[in-house]
Structures are given as C-alpha cells and as structure tokens.
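No hydrogens, no waters, no symmetry mates; every other heavy atom, side chains included, goes into these values. Because the structure is predicted, anything quoted here is derived from the model rather than measured.
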Amino acid sequence: MDLRRLHSLLRKRYETEGWWPASSPWEVMVGALLTQQTSWTNVDKAIAELGRRGVLEPAAMASAPTKELEEAVRCCGFFRQKAERLRGMAAHIMEEHGGDPDGLLSRPDARERLLERPGVGPETADSILAFGAGRPCFVAAAYCSRILSRTGILETSDYCSIQDFVHNEIGRDTGALTELYALMVEHAKRHCRSSPRCDGCPLNDGCRFGP
DNA sequence: TTCCCGCAGG
DNA sequence: CCTGCTGGAA
C-alpha cells in the first residue's frame, strides 16, 4: 500500500463534491477557525447566524460586541475562544490589509502571517491557504496521521513530515491535495475512527488493522 | 497533558 | 445514554 493507491481507493468510495462550501476567502477563514474540533453542521449554522446578525464581514465583525459574536458561534463549542479569535482576525484584516482578506492571502509569507494570529495553527493555516487561496499545500490533519500510520504508509505524527511526504508523493497540485485531504477526512469519519470500524473498509486489503 | 465547549448522531 | 467533532494554546 502506498499513497497513490490509497488515494485511488478512497476516490472510488467517497464523494468530495461541494466540500468546504464557502462563498469567499473570508468565509473560508471564518469556517477554518470555527471548525476546530467541531462538525461542519454546527459551523454552517454559526456562519449563517453571523450573517443574520450582520457581523459576518470583517468590518462589522471587528467592531461587534463580544457577546454578539459569542452568541452567534455558541453552537460550535469553545465559543469564548472562537469569538475572540474571529474578532482578532477581523481586526487584523481591517488594520493591516484595508479590510481585504486577499491582501493577506496573496502575500508570499501568508502562511507565516496566518500562524501569528491567535487560534491559527498549522492545520488551520493550511486549510485557509488551500481552500481559500487555492494554494497547493496539503492539510496534514490528525486524521491523516492515523490513516497513514495504520496502513503502514508513513509512521510519524509530525505535521511537517506528513505534509512534506504527501507533497513529494502527490505533487504540488491544489485540486489533488485538497481532494486527498477531503477523502481522508471522510474515510476517518466513516471507517478509520479512533476505534476502527474495519467492516466494509475500502483499505482492508493492505491495512494492518484489516482482517 | 489538559483545558476549552456545545451539539449532532447513534 | 455515550462518541466524536475538518485544533490550538498553556
């Protein structure tokens, strides 16, 4: 089992159409902060609620009352942190980039700049770059480590090591990298959970957890 | 390692 | 009722 084969097998099994729905780079950024340890159904609700309250766009969000943001994102959990982080990001976009998220995302050092923002770690930064700015960088989620390890493809939990490995194996193609990430998330939810559900798993042939 | 946190799904 | 969620920071 290698990464190419895994990609191929997952592609036959799962659908990634309409993955990470967002109407703008800014919505990708908002979603990326909200979806940490949170299912997308709740993120979707929160984004709709932010829009309903008129505090979704950077300018409004930056000056919104804390309580307003907290109530809007409450359903995502960790709502105090997330409200603060959202407002911090919005304020940064307003102050440093004239309210235009692309001002940040188009910079060569966008990743480093994102990582300086409170609440933005490697995974969140890369998901913003890949889905919001179309950059060819793989999002090496915790799920990926689990799947690659169990299948014996790569034995490490180090973020950068996993990302480098995938970049080398798949190539710097945004479509392929985002698709693989989405497929691995779907697979982790369906079969490769913390307690494995190997029954009907498309990777059973070649996985050490398989029958 | 632990805390942050509510909620959808089974 | 119990799991797990498209993580990050202290």
Review point. Within the structure shown, what part of the strands sits under 4.0 Å from Ser127(A) by heavy-atom distance: base, sugar-phosphate, or nothing?
Key: nothing

Practice item. Take Gly119(A) and Ser194(A), find for each the nucleotide of DNA chain C with the closest heavy atom, and name the residue whose nucleotide sits nearer the 5' end. Key: Ser194(A)

Exercise for review: Check the distance between dC4(B)'s P and Arg85(A)'s CZ and give it to me in whole angstrom.
Suggested key: 13 Å

Review point. What is the distance, rounded to the nearest whole Å, between atom NZ of Lys45(A) and atom P of dG6(B)?
Key: 14 Å

Check your understanding: Where the side chain of Arg146(A) is concerned, which of dC5(B), dC5(C), dG4(C) is the nearest nucleotide?
Key -> dC5(C)

Check your understanding: To the nearest Å, how far apart are Asp44(A) CG and dA8(B) P?
Key -> 12 Å

Exercise for review: Could you tell me whether the phosphate oxygens of dG7(C), OP1 or OP2, come under 4.0 Å of any side-chain nitrogen or oxygen in Gln37(A)?
Suggested key: yes

Review point. OP1 or OP2 of dC4(B) sitting under 4.0 Å from any side-chain N/O of Arg80(A)?
Key: no

Check your understanding: Are the ring of Trp19(A) and the base ring of dT6(C) both nearer than 5.5 Å at their centres and tilted by less than 30°?
Key -> yes

Exercise for review: Say whether, by atom type as modelled, one donor and one acceptor occur between the side chain of Asp109(A) and the main chain of Glu112(A) under 3.5 angstrom.
Suggested key: no

Review point. What integer distance in Å separates Arg117(A):CZ from dA9(C):P?
Key: 11 Å

Check your understanding: Given that Arg197(A) and Gly77(A) both sit by DNA chain B, which one's nearest nucleotide is further toward the 5' end?
Key -> Gly77(A)

Point to revise | Whole-Å gap separating P (dC5(C)) and CD (Gln36(A)) | key: 15 Å

**Study point:** Between dC5(C) (P) and Lys189(A) (NZ): distance, integer Å
**Key:** 9 Å

Review point. Is the shortest side-chain N/O distance from Ser195(A) to OP1 or OP2 of dG4(C) below 4.0 Å?
Key: yes

Review point. With a non-hydrogen cut-off below 4.0 angstrom, is Val120(A) in contact with a base, only sugar-phosphate, or nothing?
Key: sugar-phosphate

Check your understanding: Are Arg52(A) and Glu49(A) close enough for a salt bridge, meaning some N to O gap below 4.0 Å?
Key -> yes

Check your understanding: Starting at CD1 of Ile47(A) and ending at P of dT6(C), how long is that distance when rounded to a whole Å?
Key -> 14 Å

Check your understanding: Of the nucleotides dA8(B), dG8(C), dT6(C), which has the atom closest to the Trp40(A) side chain?
Key -> dT6(C)

**Study point:** Side-chain ion pair, Arg53(A) and Glu71(A), N-O less than 4.0 Å
**Key:** yes

**Study point:** Spacing of the P atoms in dT6(C) and dG10(B) (rounded, Å)
**Key:** 13 Å

Point to revise | Phosphate-side-chain proximity, Thr124(A) and dG8(C), N/O vs OP1/OP2 below 4.0 Å | key: yes

**Study point:** Salt bridge flag under 4.0 Å for residues Arg107(A) and Glu116(A)
**Key:** no

Practice item. Could you work out the separation of dC5(B) and dT3(C) based on their C1' atoms and round it to a whole Å? Key: 15 Å

Practice item. Evaluate the ring planes of Trp19(A) and Phe131(A), with Trp represented by its six-membered ring, and classify them as parallel (under 30°), tilted (30 to 60°) or perpendicular (over 60°). Key: tilted

Check your understanding: If you look at every strand shown and take non-hydrogen atoms under 4.0 Å, does Tyr143(A) touch a base, only sugar-phosphate, or nothing?
Key -> sugar-phosphate

Practice item. Classify the nucleic acid contact of Glu123(A) as base, sugar-phosphate or nothing, counting any heavy atom under 4.0 Å across all strands shown. Key: sugar-phosphate

Revision key, fill the gap. Leu34(A) CG to dT6(C) P, in whole Å, measures 13 Å

Point to revise | Residue pair Asp126(A), Tyr159(A): steps toward the side-chain hydrogen bond (donor to acceptor under 3.5 Å, both in side chains) verdict | key: CA-CA 11 Å; Asp126(A) 288 333; Tyr159(A) 188 93; 2.5 Å; yes

Study note, to complete from the structure: Ranking Asn42(A) and Phe78(A) by the position along DNA chain B of their nearest nucleotide, the one closer to 5' is Phe78(A)

